[in-house]
Amino acid sequence: MNKLAKTALVSLTAIGLGTAAFSVSAGMSDCDHNGPMSFRGDKAKFAEFMEKRHAAMHAALKLSAEQEGAWKEFTTRMKSVGMQNRPEREKMAALHAPERMDKMLAMMKEGETRMETRAAAVKEFYAVLTPEQQKVFDAQMAPRGHHPGHR
């Protein structure tokens, strides 16, 4: 194969790959992501998302009548934790560095408390599930495969 043919082949391959990558990324917009992080402080949309997710999980678990009380307790505790309020960028930028660090540390401590509440709720509910239901619950609670904002 001569040099011109090789160059043409490499160029066409690069164009094809670039076109494929562009068409895939063009289909990915922020509205395509339906995870909890896509709501950016919209508590009503977050609550609606969580209601749908809980309903799907409830249907998949096929709970017995004896387990319904534990399910209600679980969802109530998970809802009580809610979304963390993010500080406004302008307010954070106006703080001095030590004040900003104190604010960030306080937010991390609040987040840790929220995670402890969630973990306790999950552990208590998990204990009342059958082994088959635990497998379904594990699948429902598994990470979704990507981190929002990192495409």
Side-chain angles (χ1 to χ4, degrees), residues 12-151:
L12 288 173
T13 303
I15 290 171
L17 291 173
T19 304
F22 178 74
S23 66
V24 168
S25 68
M28 297 174 71
S29 67
D30 286 341
C31 62
D32 290 336
H33 175 67
N34 291 323
M37 295 301 291
S38 67
F39 304 117
R40 305 272 184 218
D42 188 339
K43 291 183 182 204
K45 283 186 179 179
F46 178 75
E48 181 182 335
F49 168 80
M50 291 308 296
E51 283 296 324
K52 287 180 183 176
R53 186 164 179 197
H54 285 164
M57 186 182 296
H58 186 268
L61 287 172
K62 300 176 183 146
L63 299 171
S64 68
E66 298 84 33
Q67 294 170 319
E68 286 296 332
W71 171 257
K72 181 139 179 79
E73 177 67 22
F74 168 71
T75 56
T76 300
R77 288 181 66 191
M78 294 298 275
K79 287 176 189 175
S80 71
V81 176
M83 272 177 50
Q84 184 172 10
N85 294 325
R86 297 183 67 137
E88 295 179 25
R89 287 181 185 230
E90 296 81 25
K91 289 182 180 179
M92 288 294 282
L95 297 174
H96 297 290
E99 295 170 329
R100 193 168 35 250
M101 294 304 293
D102 288 342
K103 178 83 170 168
M104 291 169 64
L105 184 60
M107 287 172 34
M108 286 180 66
K109 288 178 181 176
E110 177 188 337
E112 184 178 8
T113 302
R114 296 157 59 85
M115 185 56 75
E116 288 171 350
T117 302
R118 284 189 187 106
V122 167
K123 288 175 185 175
E124 289 174 19
F125 180 62
Y126 198 82
V128 302
L129 298 176
T130 66
E132 295 81 24
Q133 290 171 324
Q134 288 176 350
K135 288 178 186 175
V136 171
F137 188 81
D138 289 341
Q140 292 279 326
M141 295 292 285
R144 299 290 183 228
H146 71 280
H147 190 276
H150 296 142
R151 299 188 194 267

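The first residue of the sequence shown is numbered 1, and numbering continues consecutively from there.
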Could you work out, with side-chain hydrogen bond (donor to acceptor under 3.5 Å, both in side chains) as the rule, every residue matching [X], not counting sequence neighbours?
X: D102; answer: none
X: S80; answer: none
X: E68; answer: H58

May I have the list of side-chain donor-acceptor pairs in residues 128-136 shorter than 3.5 Å, sequence neighbours left out?
unit_1: T130; atom_1: OG1; unit_2: E132; atom_2: OE1; d: 3.4
unit_1: T130; atom_1: OG1; unit_2: Q133; atom_2: N; d: 3.2
unit_1: T130; atom_1: OG1; unit_2: Q133; atom_2: OE1; d: 3.3
unit_1: Q133; atom_1: OE1; unit_2: Q67; atom_2: NE2; d: 2.7
unit_1: Q133; atom_1: OE1; unit_2: T130; atom_2: N; d: 2.9
unit_1: Q133; atom_1: NE2; unit_2: L61; atom_2: O; d: 3.1
unit_1: Q133; atom_1: NE2; unit_2: K62; atom_2: O; d: 3.2
unit_1: Q133; atom_1: NE2; unit_2: Q67; atom_2: OE1; d: 3.0
unit_1: Q134; atom_1: NE2; unit_2: Y126; atom_2: O; d: 3.1

side-chain contact (heavy atoms from CB on, under 4.5 Å) with [X]: which residues, sequence neighbours excluded?
X: E116; result: E112
X: M108; result: none
X: E73; result: R77

Self-check item: Heavy-atom pair of closest approach, residues V122 and M141
Solution: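 Nearest pair, atom of V122 first, then M141: CG2-CE, 4.1 Å.
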Practice problem: Report the C-alpha distance between K79 and H54 in whole Å, list the side-chain angles of each, state the deciding distance to 0.1 Å, and finish with yes or no for side-chain contact (heavy atoms from CB on, under 4.5 Å). | Solution: CA-CA 10 Å; K79 287 176 189 175; H54 285 164; 4.2 Å; yes
Quiz prompt | Crowding at CE, M101 (>12 non-hydrogen neighbours, <6.0 Å) | solution =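 Result for CE/M101: open.
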Quiz item: In terms of ring plane angle, is the pair F74 and F125 parallel, tilted or perpendicular, where the classes change at 30° and 60°?
Solution: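 Ring orientation, 0 to 90° scale: parallel.
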Say you draw a straight line from [atom1] of [X] to [atom2] of [Y]; how long is it, rounded to the nearest 0.5 Å?
X: R53; Y: T75; atom1: CZ; atom2: OG1; answer: 13.5 Å
X: K72; Y: T76; atom1: NZ; atom2: OG1; answer: 5.0 Å
X: R118; Y: K123; atom1: CZ; atom2: NZ; answer: 14.5 Å

Side-chain donor/acceptor pairs under 3.5 Å, residues 90-100, sequence neighbours excluded:
unit_1: E99; atom_1: OE1; unit_2: H96; atom_2: N; d: 3.0
unit_1: R100; atom_1: NH1; unit_2: M92; atom_2: O; d: 3.1
unit_1: R100; atom_1: NH1; unit_2: L95; atom_2: O; d: 2.8

Quiz prompt | Partner set under salt bridge (charged side-chain N to carboxylate O under 4.0 Å, His left out) for E48, not counting sequence neighbours | solution =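 Applying salt bridge (charged side-chain N to carboxylate O under 4.0 Å, His left out) to E48 gives K52.
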